[in-house]
Amino acid sequence: MVRTRFAPSPTGYLHIGGVRTALFNWLFARRHGGRFLLRIDDTDQQRNLDEALPPILDGFRWLGIDWDEGPEVGGPHAPYFQSRRGARYETAVAELLARGAAYRDYARAEELQVEREAAERSGGAFVYSRRWMAETDEQAARFEADGRSCVVRLRMPRSGQCAFQDLIRGDVAFDWAKEQDHVVRRPDGTFLYHLASVVDDHDFAISHVIRAVEHLSNTPRQIFIAQALGYELPVYAHLPYVAEPGSQSKLSKRKIDKYLKNADFQKLYDHARSIAEKTGHAATPESFNPVLIEFYRAVGFLPDAIVNYLLLLGWSLDDKTEDFTRDEMIRAFDLARVTKSPASFDPAKLMAFQERYMRRVPIDSKAESMLDFVIRAGWLSGVDRDAELAKVRRIARAAGERIRVAGDVLQYDEFFVADDRLEYDEPAFEKRVSTGESKAWLKVFRGVLESVDPFEAPVVERALHAHLEETGRKIGQVIHALRIALTGKPVGFGMFDAMEILGRASCLARIDRAVARGHGEEVS
RNA sequence: GGCCCCGUCGUCUAGCGGCCUAGGACACUGGCCUUUCACGCCGGCAACACGGGUUCGAUUCCCGUCGGGGUCACCA
C-alpha cells in the first residue's frame, strides 16, 4: 500500500513550493491507489496553532488536494500533530539510548563552538569529540553536579558510507564520517524534527517519502535513526526545489522585493494589487505575496489552473501535453519523469494557464465568482442576488476573455457607478469629446437612441449604422466620443454590448452629462 | 570553505547514440482581423556551458573545467 505524506509546519502560509511538493505526494498516492496524509510538524513552534493551521488546510481544500488522514479528518494513527506525540518520541529516544545509538551529552554551547571553530581552522568537517558524553549514570551525575544540562545525541558511525536509492536522484551515497552527532532531544525534553519525522513516518506506515532536495543531505541521519530503531526504510524521492523567476535560487517568501524587479513578477503583482485594493484585502508582503497561495485566491485565480501549472514545474509527460484534468494527471503522474534540476517559477506562464482555464469556465459560474468580488468591493450589496447576478452575467458575457481572473471585473467600475459620478479619462475626453463636432454629434445621436427599441446591442448597432449612412460618417469618427461619454474610458467592451448593459436611461444621462461638461472641468 | 546536486531557447520542457539543419508551450516580436482594448489567425527571433575523450556517428556515454544551486542548528 502506497502511503505518502506532506508535513507542513503551521506557519499560517502555504508556499508555492510546498504546494508543489504536496501535489506530487498527492498525485503519487492517487496514482497508486494509496493514501495521502497530512501531518503537522509543530515540534518547535511557539506559534498559536489555532490560527496558523486553518489557512493551510483551507488552502489545500481550495486547491482540491484532499488528505485521507490528518488534521480534521483523523485516522487510525491519530494524532497527526507532532506536538502531541512527545510520549512516543520519548520511548524512541529511550530505545536509541538503550541500543547505544545515542548518548546523553553535557557539552555547553560555547564548548561546542570552540570545537567547531577549531575544525573550521583546520579545514576539516566538524566532528564532535564527545568529551562531554555521559555513557554511565555516574558520569551523568558528575556533569549534572557541574550544573550542566543534557541533550541526547545520535552516536553516528565514523566510517563507511550511507548509500541509498532515490527514485529521482538514483544512487546516492554520503560518508558517515561527515555526519555530525545530531541532537534528537533538547534539554527541556522536546524533540527535534529528524527524530520525530522518522518515528512518525514509521508509525504512519509511510511507504514513500517525497520531499524537496533540501532534505537530501538530512537523509543519512534519518536512515541512521530508522535503522537503529529497526524500522524498514521508506523509499525516498527528492524533488528539485522551485526556484526564483529567472534564477536557480530557491524561491523564498522573504525575497519578494527582489522578485518585484522581475518584469513579469511586477506585472502580476500590480495586477493583483489593483484588485486587492478595491476589495480592501490587506496588501502587506506578509499576507499578499505571490510566493504564497493565498495571493492567487485573493484575486480570483482558478485552483485548477494553479495546480496544472505547478504540475509542470519539474515534471512533464512528453514533448507536448500541457493540459491535464485531475484524472489525467493522476493517471499520467510518474516520479521517474520528475526533472533533477530546479524549475524557476514563471508568473507569466501561470497567467497563461489561468487564461486558458478561465476560457472554459461556464458563464454562470464565472459570473458567480465575479459577483463575489463586486460585493467585496462594495459596488453591489448582495441583497438581491438574482438581479445582481444577472447584471454581472451580462458583463461577463460582454467582457469575454478580458476577465482573466475573477477580480478583473473590478476594472469595469463604469457599469456600477451612478451616472453623475462617472469619472473620465481626461486626456481622452479632451481629445475625443471636447474637440470638433463631437458634442454636436452626441446630441444628435442621443435623439436616435431615444427611439431605439428594444434597447439591445444588435438593435442599437443597426440604428447607429443607419444613422451613419444617412449622415455620411464613418464609425471611427464618432464611436470614440461615444465610448468616452458613456464609460469615461478610451478602451473597453464592444460598444453596443456596453450600451445594452448600461441601459437606455444611463446612456442618455451620460451623454447629457458629457455634452454639458466643459473642457476638462466638472459642470455642476 | 567541506559535502552533495544540477547545467537544452529569456522561462517550463521533449530528447534516454543516428529520426535533431534540436520539437512543443509561455514570453518577446512582425503582420492580419477590428469601433477601442483584449481574443483569434499567420509569420519571426531564440538553446544543446566549455574542453577533452569513447564511437563510423554525440545534445545524448565517460573525464575535466567553468557556471549555478542546496546543505552544513539544541529550525523544519
Side-chain angles (χ1 to χ4, degrees), chain A residues 7-11 41-45 82 105 107 109 112 116 119-121 123-126 149-153 166 169 172-175 177-180 182-188 190-194 196-197 211-220 238 240-241 243-250 262-264 309 312-323 337 339-353 355-356 359 399-404 411 428 432 461 464 474-484 487 489-496 498:
Chain A
S9 337
T11 56
D41 280 14
D42 52 355
T43 43
D44 186 42
Q45 294 291 331
Q82 294 193 325
D105 179 55
L112 245 25
R116 226 183 282 273
E120 210 163 296
R121 270 196 304 279
F126 165 60
S149 55
C150 90
V151 299
V152 174
R153 283 183 188 278
D166 186 287
R169 313 264 142 194
V172 187
F174 293 89
D175 288 338
K178 304 273 169 45
E179 287 292 316
Q180 301 190 33
H182 302 281
V183 172
V184 292
R185 191 181 67 191
R186 301 186 180 90
D188 67 0
T190 58
F191 303 88
L192 278 95
Y193 166 75
H194 299 292
S197 183
R211 69 217 321 189
V213 250
E214 309 63 314
H215 288 286
L216 186 61
S217 55
N218 297 155
T219 308
H238 287 93
Y241 53 86
E244 302 173 348
S247 151
Q248 299 294 88
S249 307
K250 194 163 82 173
N262 171 292
D264 292 333
Y309 171 69
L312 265 15
L313 256 194
W315 181 86
S316 68
L317 175 65
D318 53 32
D319 59 344
K320 45 196 53 141
T321 316
E322 286 212 322
D323 272 28
R337 291 199 60 87
T339 349
K340 287 196 181 86
S341 47
S344 80
F345 178 73
D346 181 356
K349 186 138 187 176
L350 204 211
M351 187 52 95
F353 272 95
E355 287 166 11
R356 201 182 299 174
R359 259 173 242 158
E401 299 182 355
R402 292 175 186 83
I403 303 291
R404 300 150 79 204
Q411 286 170 31
R432 323 225 71 144
E461 182 168 9
L464 174 65
K474 290 232 168 80
I475 191 166
Q477 295 173 265
V478 301
I479 202 155
H480 303 293
L482 185 59
R483 178 181 298 283
I484 289 157
T487 68
K489 298 173 183 170
V491 300
F493 303 164
M495 193 68 262
F496 308 106

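Sequence lines set the chain letters: A, B, ... in the order given, protein chains first and strands last, and positions in each chain run from 1.
- To the nearest angstrom, P of B:C74 lies 9 Å from NE2 of A:H182.
- Between A:K349 and A:E322 there is a salt bridge, since at least one side-chain N of the basic residue sits less than 4.0 Å from a carboxylate O of the acidic one.
- When rounded to the nearest whole Å, the span between CG of A:L317 and C1' of B:G23 equals 15 Å.
- Taking atom P in both B:G2 and B:C9, one finds a spacing of 28 Å when rounded to whole Å.
- In this structure, the CZ atom of A:R402 is 11 Å from the C1' atom of B:U35, given to the nearest Å.
- Residues A:R186 and A:F191 have side chains not in contact (no heavy-atom distance under 4.5 Å, counting atoms from C-beta outward).
- Between A:S316 and the phosphate of B:A14, there is a side-chain N or O to OP1/OP2 separation shorter than 4.0 Å.
- OP1 or OP2 of B:G40 has at least one side-chain nitrogen or oxygen of A:R359 nearer than 4.0 Å.
- Counting only heavy atoms from C-beta on, A:R337 has its side chain closest to B:G15 among B:G70, B:G15, B:C12.
- Applying the 4.0 Å criterion to OP1 and OP2 of B:G1, one finds that A:R116 has every side-chain N and O outside that range.
- Regarding A:K320, its NZ atom lies at a distance of 17 Å from the C1' atom of B:C26, rounded to whole Å.
- Comparing B:U35, B:A76, B:C12 by their closest approach to the side chain of A:S344 singles out B:C12.
- Looking only at atom types and distance, the side chain of A:Q82 has no donor-acceptor partner in the side chain of A:D42 under 3.5 Å away.
- Between B:G24 and B:C61, the distance separating the two P atoms is 23 Å to the nearest Å.
- Rounded to the nearest Å, the gap between the C1' atom of B:G30 and that of B:U71 is 48 Å.
- The base-pairing partner of B:C20, taking Watson-Crick or G-U wobble contacts with both distances under 3.5 Å, does not exist among the strands shown.
- Taking atom P in both B:C12 and B:C45, one finds a spacing of 22 Å when rounded to whole Å.
- Applying the salt bridge (Lys or Arg N to Asp or Glu O under 4.0 Å) test to A:K250 and every residue at least two apart in sequence or in another chain returns A:E214.
- Rounded to whole Å, the C1' atom of B:G68 lies 15 Å from the corresponding atom of B:C50.
- The separation of B:C62 from B:U54, taken at their P atoms, amounts to 15 Å, rounded to a whole angstrom.
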Enumerate the protein-to-nucleotides 66-68 of chain B contacts in which both atoms are nitrogen or oxygen and the separation is below 3.5 Å.
none

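- Of the two residues contacting RNA chain B, namely A:A7 and A:M495, the nearest-nucleotide position lying further toward the 5' end is that of A:M495.
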Atom pairs, protein N/O to nucleotides 58-63 of chain B N/O, distance under 3.5 Å:
none

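- Close placement of the A:Y193 and A:H215 rings is indicated, their centers lying within 6.0 Å of each other.
- Between the CG atom of A:D346 and the C1' atom of B:G10 there is a distance of 9 Å, given to the nearest Å.
- Between A:R169 and A:E355, the one whose closest nucleotide on RNA chain B sits nearer the 5' end is A:R169.
- Contact annotation: A:K250 reaches the phosphate of B:U71 (side-chain N/O to OP1 or OP2, under 4.0 Å).
- The nearest whole Å value for the distance from the CG atom in A:D264 to the P atom in B:C28 is 7 Å.
- Taking every side-chain heavy atom of A:V183 into account, B:C74 is the closest of B:C26, B:C74, B:U35.
- Spacing of P atoms, B:A38 relative to B:G31, comes out at 14 Å, to the nearest Å.
- For the residue pair A:H182 and A:R153, no side-chain donor N or O sits within less than 3.5 Å of a side-chain acceptor on the partner.
- When both pairing distances are held under 3.5 Å, B:A25 makes a Watson-Crick or G-U pair with B:U11.
- For the pair A:T339 and B:C6, the criterion of a side-chain N or O lying under 4.0 Å from OP1 or OP2 is not met.
- Remark: B:U65 base-pairs with B:A49; criterion is Watson-Crick or G-U wobble with both hydrogen-bond distances under 3.5 Å.
- For B:G40, the paired nucleotide is B:C32, the pair qualifying as Watson-Crick or G-U wobble because both relevant distances are below 3.5 Å.
- Counting non-hydrogen atoms under 4.0 angstrom, A:H194 reaches a base of the nucleic acid.
- Residue A:N218 places its side chain closer to B:A76 than to any other of B:U35, B:C3, B:A76.
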